[in-house]
Amino acid sequence: MKFDSNEQILLKGLANNDTKAIDTIYKDNFKMVQAFILHNNGTYDDARDIFQEAMITLYEKAKSESFVLTCQIRTYLYSVCRRLWLKRLQQLGRFGLQVENFDETVPVEEDLEMHEKRNAEFAIMDRALGSLGEPCKSLLEAYYLQKKDMSEIAAAFGYTNADNAKNQKYKCLMRLKKLFFAQYNIGD
Amino acid sequence: MEDILLQEVMDRYLSGEMSAEEKAHFEQLRKNTPEIDQMVVEHKLFLQHMELFATRNTLKNALHDSHNRLTRKGEISETGMPAHSGKLVQLWHRYRRITAIAASIAGVTALTISLLFALFSPHVNKSQLQQLSRDIEQLKWKQNDQGRTINEFVPKTPKDAKLASGGTAFLIDPKGYLVTNAHVLKGSKTIVVNNKGQEFKARIALVDQTKDLAILKIEDSDFKPFAALPYGIRKSGIDLGEEIFTLGYPRNDIVYNMGYLSARTGFEGDTATYQISLSANPGNSGGPVFNKNGEVIGVLSTRQTQAEGVVFAVKSKSIYQLVDELKKNDSTSQRIKVPLNSNIKGEERKEQIARVENCVFLVNAYN
């Protein structure tokens, strides 16, 4: 339960996608997770995947408004990684393995549940965008994510005018929504 | 066209690009038209998911970049240790538990197998036959033992004597004539010890290496001749499967063993011997083999090394031949009378043994 202002700064940086903050957290914690995974029948690649997954969870937590981190970043990341790796081992059918515990943990089940849900949604959007195809994908990304102006987009994509681009964007959006909600509502 | 326009309005509304007046107008429209209101909610949700997707993607790339950057800098590495420990260390870390389990299983298996081998495998010697005389190593401790147990009377083995071999012998004449195997007598002099630990000096009267038999004569004032021997020496053969027993000195104490006659011939068809089945050990050589009537049918001599429980005994008929030979060469031995009939026929085995064991001696040959 150590309150560390330095850690708060790091988390704020993470929430704002600050490269330096990400690097610092990464550097300080990856080795620990790597050691844990390698000690428990994992590979280096497993360690990287699990650690990045945990970083995403931490990021989501840092971004949420109700965010309070009641423990050190290190403990949180370790707890999440431990949980994720146990789950992965179970999926692989290695029930018999005893995961070595060499650090304190905090309960992270709730966060992970949330994270799983977001993962699923992310996957749906990923699939929907993937099956949408080009130029629809880039067009929508340019408008909604990169917040580009319609005339700008028209020029970049080679439409004769903004109206035509707008028309095309509308068609793409309708298709994407259809693809997305078809999966999303099932998921619900 | 109307839909496109509506979509554009919604986008502008949600991204906050509208002026206050326009916004108020649109909100009024939402209130009045539930369809539009529903569209706005749905679109908002959708945009949130787009946003989530985008941030997640960005973060993933950022993490990936971080990872690569730190790897390049050497801050993190595949082994977790600062760069120099190799692939082997990593493999060790990954598989050490499995290795440990595998090693213990292998160890246990190896131990079990060697144990089973030790228990069940016949002792493989270069020669197929093992003479059942005790070797010198065994006699070393025995010598000490004797020194301890018979302190009350002077040991009859000369102090500097080197024990060469040991075995068993039994009386064929109550006056002190014993039969044993020729291979037991590796030395030139012998001491015989009865089952009570009493020692007697004995002379080697006759050795027949072909028959692997020898006659000893106890020449010791301590020896009190027996009135008669309880058992007889059988002249004729016996039947397959007949029950037999033996007494001998594989250790310092007399040891009883029983079995049956397995074959009328011995090793590789040797007609001078029987094959018998019982457990015999070095030291049993020269011991009498009795049938259930208490008649000596043979002299236990060798065992087959590759097979368990295959033991050979020189037929008792040979004893008579040997005695005849002795009588021819030695004038002092004319009065030898080998008993033919057994006095312990029909008695219980315990009683048979009790009466017979006094006539069975431990032989120590020395130079």
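Letters go in sequence order (proteins before strands), and every chain restarts at 1.
Of the listed residues B/H64, B/E42, B/K60, B/E51, the one with more heavy-atom pairs under 4.5 angstrom with chain A than any other is B/E42. Chosen from A/E141, A/M174, A/K166, the residue pairing most often with chain B at heavy-atom distances under 4.5 Å is A/K166. The candidate from A/I56, A/N17, A/L129 with the greatest count of non-hydrogen atom pairs under 4.5 Å with chain B is A/I56.
With values rounded to the nearest 0.5 angstrom, A/F51 atom CZ is found 9.0 Å from B/S66 atom OG. Summarising the geometry, atom CE belonging to A/M55 is positioned 5.0 Å from atom CG belonging to B/L63; distances are rounded to the nearest 0.5 Å. To the nearest 0.5 angstrom, A/F30 atom CZ is 7.5 Å from B/T71 atom OG1. The distance from the CE atom of B/M50 to the CG atom of A/L173 is 7.5 Å, given to the nearest 0.5 Å.
Taking 4.5 Å as the limit, some side-chain heavy atom of B/R69 sits within range of a side-chain heavy atom of A/T19. When side chains are defined from C-beta on, B/L52 does not count as touching A/M125, because their heavy atoms never get closer than 4.5 Å.
Note on ring orientation: taking the six-membered ring where Trp is involved, the planes of B/F46 and A/F180 are perpendicular (angle over 60°, cut-offs 30° and 60°). Between B/H67 and A/Y44, the ring-plane angle classifies as tilted under the 30° and 60° cut-offs.
Considering only residues two or more places apart in sequence or on other chains, A/D46 meets the side-chain contact (heavy atoms from CB on, under 4.5 Å) condition with A/I37, A/T43, A/W85, A/R88. B/L70 pairs by the side-chain contact (heavy atoms from CB on, under 4.5 Å) definition with A/Y26, A/K27, B/E75, B/I76, not counting sequence neighbours.
Both the backbone and the side chain of A/N119 come within contact range of chain B, each with at least one heavy atom under 4.5 Å from a heavy atom of that chain. Heavy-atom distances place no part of B/D65 under 4.5 Å from chain A, backbone and side chain included. A/K169 touches chain B through its side chain: at least one heavy atom from C-beta onward sits under 4.5 Å away, while N, CA, C and O do not.
Listed in order of number, the residues of residues 23-39 of chain B that approach chain A to under 4.5 Å between heavy atoms amount to none.
Applying the ring pair (Phe, Tyr, Trp, His ring centres under 6.0 Å) test to residues at least two apart or on different chains, the pairs with a partner in residues 113-132 of chain A are A/F122-B/F53.
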